[in-house]
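Beneath this line is the structure, given in structure tokens, with notes to follow.
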Amino acid sequence: MALKATIYKAAVNVADLDRNRFMDTSLTLACHPSETQQRMMLRLMAWIMYADERLTFTRGLCADDEPELWLRNDCGDIDVWIELGLPDEKRLKKACSQGAQVVLFAYNSRAAQVWWQQNQTRLAGYRNLAIWYLDDEQLAALSSLAARNMTLQATLTEGTIWLSDAQNHLELKPVSWQQQ
């Protein structure tokens, strides 16, 4: 019997002071059986950083030809393609050819540092690629907010994300490894 995804619900209030974007939304995240809670919460943080009414979660781990999140315009073109992890350069090349803006969220401290050293020079040639890195400590703190039903407030300003629920308050500072 196939294992089913665990469903998480998040009511999110976003105040992005840098982009002058303010919104309240309800999101549904399906956590695949092979996905960690940390990775699922990183997907949620990625959504918060690029919050938009049309930014949607895709089939993710179940689909090799789709990113984790994307924002499609009215013509069906991909305006924002968001990946997580440490993908192969070929995957990022494909993403950069299909998406106007491509964003990668790298994590897993030891492996990410090695991956970045090996790929930094080649990836610098992709002008529409932004790479963010979140260290293990921040990812663990983010994961501590995970609950089947979450109510989160997010304030973004000058590269810092303040994220809170009823009991916890976090300050997250993703590191920009590459900007567009």
Side-chain angles (χ1 to χ4, degrees), residues 3 5-6 8 10 16 18-19 27 29-52 55-72 77-146 154 156 158-163 170-180:
L3 297 175
T6 303
Y8 289 80
D16 187 336
D18 295 331
R19 296 188 305 153
L27 302 170
L29 294 96
C31 186
H32 190 274
S34 65
E35 182 177 38
T36 65
Q37 201 172 52
Q38 288 182 331
R39 188 175 190 286
M40 187 226 21
M41 289 301 290
L42 184 59
R43 281 194 294 132
L44 180 57
M45 189 194 84
W47 189 94
I48 289 168
M49 282 182 66
Y50 289 86
D52 188 284
L55 183 62
T56 58
F57 296 103
T58 65
R59 294 178 292 161
L61 295 173
C62 299
D64 290 338
D65 59 339
E66 293 180 358
E68 297 298 325
L69 298 105
W70 60 15
L71 190 149
R72 289 180 165 269
D77 297 329
I78 302 168
D79 287 340
V80 182
W81 174 300
I82 298 177
E83 287 284 335
L84 301 180
L86 307 172
D88 183 278
E89 182 200 358
K90 289 179 186 177
R91 181 159 176 86
L92 291 173
K93 182 178 181 178
K94 175 186 172 185
C96 288
S97 70
Q98 292 184 8
Q101 179 182 12
V102 177
V103 182
L104 171 65
F105 285 88
Y107 65 99
N108 187 345
S109 292
R110 256 186 242 164
Q113 298 292 337
V114 171
W115 177 88
W116 181 236
Q117 288 177 347
Q118 293 172 347
N119 292 285
Q120 182 176 5
T121 304
R122 287 178 294 204
L123 297 178
Y126 299 122
R127 299 290 174 213
N128 60 334
L129 174 64
I131 301 173
W132 293 98
Y133 167 70
L134 198 67
D135 65 41
D136 291 347
E137 183 178 322
Q138 291 186 87
L139 191 56
L142 176 62
S143 181
S144 72
L145 296 179
L156 293 81
E158 298 178 3
T160 301
I161 303 166
W162 283 277
L163 194 59
L170 300 178
E171 180 180 342
L172 302 171
K173 291 187 177 189
V175 176
S176 174
W177 276 354
Q178 180 170 311
Q179 295 183 3
Q180 297 167 330

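Positions are given from 1 along the sequence.
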Under the rule for salt bridge (Lys or Arg N to Asp or Glu O under 4.0 Å), what residues qualify as partners of Asp135, not counting sequence neighbours? none

Using only atom types and a distance under 3.5 Å, with no angle test, would you say the side chain of Trp47 pairs donor to acceptor with the backbone of Leu55? yes

To the nearest 0.5 Å, how far apart are CD in Gln180 and CZ in Arg127? 11.5 Å

Under 3.5 Å donor-acceptor, Ser143 side chain and Ala140 backbone: no

OG1 on Thr56 to CG on Leu69, rounded to 0.5 Å: 7.0 Å

Do the non-hydrogen side-chain atoms of Gln178 and Trp116 ever get within less than 4.5 Å of each other? yes

Could you tell me which non-hydrogen atom of Gly159 sits nearest to which non-hydrogen atom of Pro174, and how far apart they are? O-CD, 3.9 Å

Go through the structure and list residues passing side chain to side chain contact (heavy atoms under 4.5 Å, CB included) with Gln113, not counting sequence neighbours. Tyr133, Trp177

Test side-chain contact (heavy atoms from CB on, under 4.5 Å) applied to Leu139 and Leu42, Leu172, Thr36, Asn108, the passing residue: Leu42

Hey, does the side chain of Glu89 reach the backbone of Leu123 with a donor-acceptor pair shorter than 3.5 angstrom? no

Closest non-hydrogen contact found for Arg19 with Met49 is NH2-O, 3.8 Å

Taking all atoms of both residues into account, what is the closest heavy-atom pair of Glu83 and Arg91, and its distance? OE2-NH2, 2.9 Å

Side chains of Trp162 and Leu170 in contact at under 4.5 Å (non-hydrogen atoms): no

Identify the two heavy atoms, one from Leu142 and one from Met45, that lie closest to each other, and give their separation to 0.1 Å. CD2-CB, 3.9 Å

With a 3.5 Å distance limit and no angle check, can you tell me whether Asn128 reaches the backbone of Val102 through a side-chain donor-acceptor pair? no

Audit row: Glu68, Arg39, salt bridge (Lys or Arg N to Asp or Glu O under 4.0 Å) steps and yes/no: CA-CA 11 Å; Glu68 297 298 325; Arg39 188 175 190 286; 2.8 Å; yes

Of all the heavy-atom pairs spanning Leu104 and Pro87, show the shortest one and how long it is. CD1-CD, 3.5 Å

Which value, rounded to the nearest 0.5 Å, describes the distance between Gln120 atom CD and Ile131 atom CD1? 8.5 Å

In Å, rounded to the nearest 0.5 Å, how long is the span from CG of Leu134 to CG of Leu84? 10.5 Å

Of all heavy-atom pairs linking Leu129 and Cys96, the shortest is CB-SG, 3.9 Å

Can you tell me how far the CG atom of Asn119 sits from the CG atom of Leu86, to the nearest 0.5 Å? 9.0 Å

So, taking the atom named CD1 in Ile161 and the one named CD in Glu171, what distance separates them when rounded to the nearest 0.5 Å? 10.5 Å

Can you confirm whether Tyr50 sits close enough to Leu71 that some side-chain heavy atom of one is under 4.5 Å from a side-chain heavy atom of the other? no

